[in-house]
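Following: one structure in structure tokens, then a few remarks.
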2 protein chains.
Amino acid sequence: MKTKQPKFNITELKQILQGYSIHPSHQRLQILMYLLEHKTHPTTDIIYQFLAKKIPTLSKTTVYNTLKVFLAQGIIVELAIDEHELRYDANIKPHAHFKCKQCGQIYDVFAKSLLFNMDFIDGHQVTAYQVYLKGICKNCL
Amino acid sequence: MKTKQPKFNITELKQILQGYSIHPSHQRLQILMYLLEHKTHPTTDIIYQFLAKKIPTLSKTTVYNTLKVFLAQGIIVELAIDEHELRYDANIKPHAHFKCKQCGQIYDVFAKSLLFNMDFIDGHQVTAYQVYLKGICKNCL
DNA sequence: ATCATTGCAAACACTTTGCATACGC
DNA sequence: GCGTATGCAAAGTGTTTGCAATGAT
């Protein structure tokens with residue numbers, strides 16, 4: 001399965017971070033670039049392993065710190081579709097996620113039937129939601 | 001907020017476990033009883049802390065083991081609505097969950113608009129799903 | 001010069017594993 | 001008696017914390 005990986009230039013990424021008042025350090029720019037170019041719902045470790053090749057001094061602490069900063073600003077979203085690991089998604093368009101129990105692949109699902117437009121339910125104010133689907137993906141069927 | 005806590009007797013619980021070919025040990029019965037009488041989405045630790053009072057020799061390993069056995073049989077479901085802890089739910093009726101960002105309380109949501117009846121989406125076969133809502137609950141508003 | 005970011009190492013929390021003991025049919 | 005369940009202790013994993021060094025303005 002291929003995912004489109006649009007290219008982003010550094011100037012563009014700097015502007016994104018500055019828009020959130022985040023200092024655009026080299027590490028942060030690279031992590032943001034990774035997330036935007038690889039919308040494959042990576043774990044912290046996947047991001048670290050990839051970027052450590054390009055930034056030999058990179059520490060995992062920085063990846064953790066940076067993801068926390070991005071999360072706090074809403075630049076990325078944390079996914080717990082697999083109960084035993086956290087993944088990160090820079091895809092801002094609202095969508096659901098599907099995880100294949102067999103191959104482990106996580107797919108984005110943009111079907112409208114899985115999107116809600118709700119402010120309140122049972123009297124509770126809803127500000128965010130996630131829909132996680134599981135099963136067997138089309139490639140494994 | 002009060003949750004209904006129907007009482008279950010041991011004979012009844014034994015039958016449930018035997019129906020799944022699970023040996024109904026004292027620990028397993030007590031853990032199942034806890035889950036059925038307190039549908040409050042407890043963590044492993046909450047279950048352990050409560051039952052350790054009644055079973056002083058209880059170990060957390062047994063709680064972990066037992067939850068894994070129940071999960072494998074589909075007696076309970078694992079919830080990752082909070083990305084940083086796992087909770088368990090013995091409520092078999094399909095429903096969504098809402099977590100209040102302020103008080104941390106997790107509510108069951110039975111609204112039909114949050115239930116799907118889907119076999120396939122984008123060509124993937126869906127066998128299970130979870131809907132996690134977040135926001136401010138009616139008591140905190 | 002000052003303040004923020006980075007990165008190492010240590011600490012932490014949670015979960016799993018290995019194994020000896022105890023239990024149940 | 002044999003196979004399973006339990007529970008302790010140790011190991012493992014992922015994440016956070018403390019702090020000194022570095023970097024940016």
Side-chain angles (χ1 to χ4, degrees), chain A residues 10-11 13-18 20-34 41-73 75-76 78-88 104, chain B residues 10-11 13-18 20-34 41-73 75-76 78-88 104:
Chain A
I10 294 291
T11 314
L13 297 176
K14 271 188 186 167
Q15 285 168 0
I16 293 176
L17 292 187
Q18 281 164 346
Y20 288 100
S21 305
I22 297 170
H23 180 97
S25 71
H26 181 223
Q27 287 84 338
R28 287 171 175 171
L29 287 168
Q30 289 299 313
I31 292 170
L32 179 61
M33 183 180 289
Y34 183 85
H41 323 95
T43 60
T44 304
D45 194 59
I46 290 170
I47 300 168
Y48 170 74
Q49 296 300 338
F50 181 90
L51 289 179
K53 294 180 216 150
K54 310 179 72 174
I55 315 170
T57 62
L58 182 67
S59 85
K60 232 176 198 178
T61 304
T62 297
V63 180
Y64 279 113
N65 287 342
T66 300
L67 292 174
K68 206 171 284 179
V69 169
F70 289 178
L71 261 179
Q73 298 301 321
I75 300 174
I76 59 174
E78 206 166 26
L79 302 182
I81 186 170
D82 180 314
E83 291 79 4
H84 301 285
E85 61 184 12
L86 288 175
R87 294 176 168 271
Y88 297 90
Chain B
I10 294 292
T11 313
L13 298 177
K14 271 187 188 168
Q15 286 167 359
I16 294 175
L17 292 187
Q18 281 164 348
Y20 288 100
S21 306
I22 297 171
H23 179 97
S25 71
H26 182 224
Q27 288 85 338
R28 287 171 176 173
L29 287 167
Q30 289 300 314
I31 292 170
L32 179 60
M33 182 180 289
Y34 183 84
H41 323 94
T43 60
T44 305
D45 194 60
I46 289 170
I47 300 168
Y48 170 75
Q49 295 299 338
F50 181 90
L51 290 179
K53 294 180 215 149
K54 311 179 74 175
I55 314 169
T57 61
L58 182 66
S59 84
K60 230 173 197 178
T61 304
T62 297
V63 180
Y64 279 113
N65 287 341
T66 301
L67 291 175
K68 206 171 283 182
V69 171
F70 290 178
L71 262 179
Q73 297 302 321
I75 300 173
I76 59 174
E78 206 166 25
L79 301 181
I81 185 170
D82 180 315
E83 290 80 3
H84 301 285
E85 61 186 12
L86 287 175
R87 294 176 169 272
Y88 296 91

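So you know, we letter chains A, B, ... as the sequences are listed, proteins then strands, and number each from 1.
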Should A:Ser25 be listed as having a side-chain N or O under 4.0 Å from OP1 or OP2 of D:dA24? no
How many Å lie between CD1 on A:Ile22 and C1' on D:dA24, as a whole number? 17 Å
For the pair made of CG in A:Leu17 and C1' in C:dA4, what is the distance, rounded to whole Å? 15 Å
Just to verify, what does A:Thr11 make a side chain to side chain contact (heavy atoms under 4.5 Å, CB included) with, not counting sequence neighbours? A:Asn9, A:Gln15
Pick base, sugar-phosphate or nothing for A:Glu85, based on heavy-atom distances below 4.0 Å to the nucleic acid. nothing
In whole Å, I'd like the distance from the NE2 atom of B:His84 to the C1' atom of C:dT15. 17 Å
Report yes if the side chains of B:Tyr48 and B:Thr62 come closer than 4.5 Å at any heavy-atom pair, otherwise no. no
What are the residues of residues 55-70 of chain B, sorted by number, that bring a heavy atom to within less than 4.0 Å of DNA chain C? B:Thr61, B:Tyr64, B:Lys68
Separation between CD1 (A:Ile31) and CD1 (A:Ile75), nearest 0.5 Å, reads 11.5 Å
Does a nitrogen or oxygen in the side chain of A:Gln27 sit under 4.0 Å from OP1 or OP2 of D:dG23? no
Nearest 0.5 Å, what's the OG1-CD distance between B:Thr66 and B:Gln27? 7.5 Å
Nearest 0.5 angstrom please: B:Leu79 CG to B:Thr43 OG1, how far? 11.5 Å
Could you measure the distance from the CZ atom of A:Arg28 to the NZ atom of A:Lys14? Nearest 0.5 Å is fine. 14.0 Å
How long is the line joining NE2 of B:His26 and C1' of D:dT4, in whole Å? 18 Å
Separation of A:Leu32 atom CG from C:dT5 atom P, in whole Å? 15 Å
Spatial distance of atom CG (A:Leu86) from atom CG (A:Asp45) [nearest 0.5 Å]: 12.5 Å
Value in whole Å for how far the P atom of D:dT15 lies from CZ of A:Arg87: 11 Å
What is the distance, to the nearest angstrom, from the CD atom on A:Glu83 to the P atom on C:dC14? 18 Å
Figure out the CD/P separation between B:Gln18 and C:dG24, and round it to whole Å. 14 Å
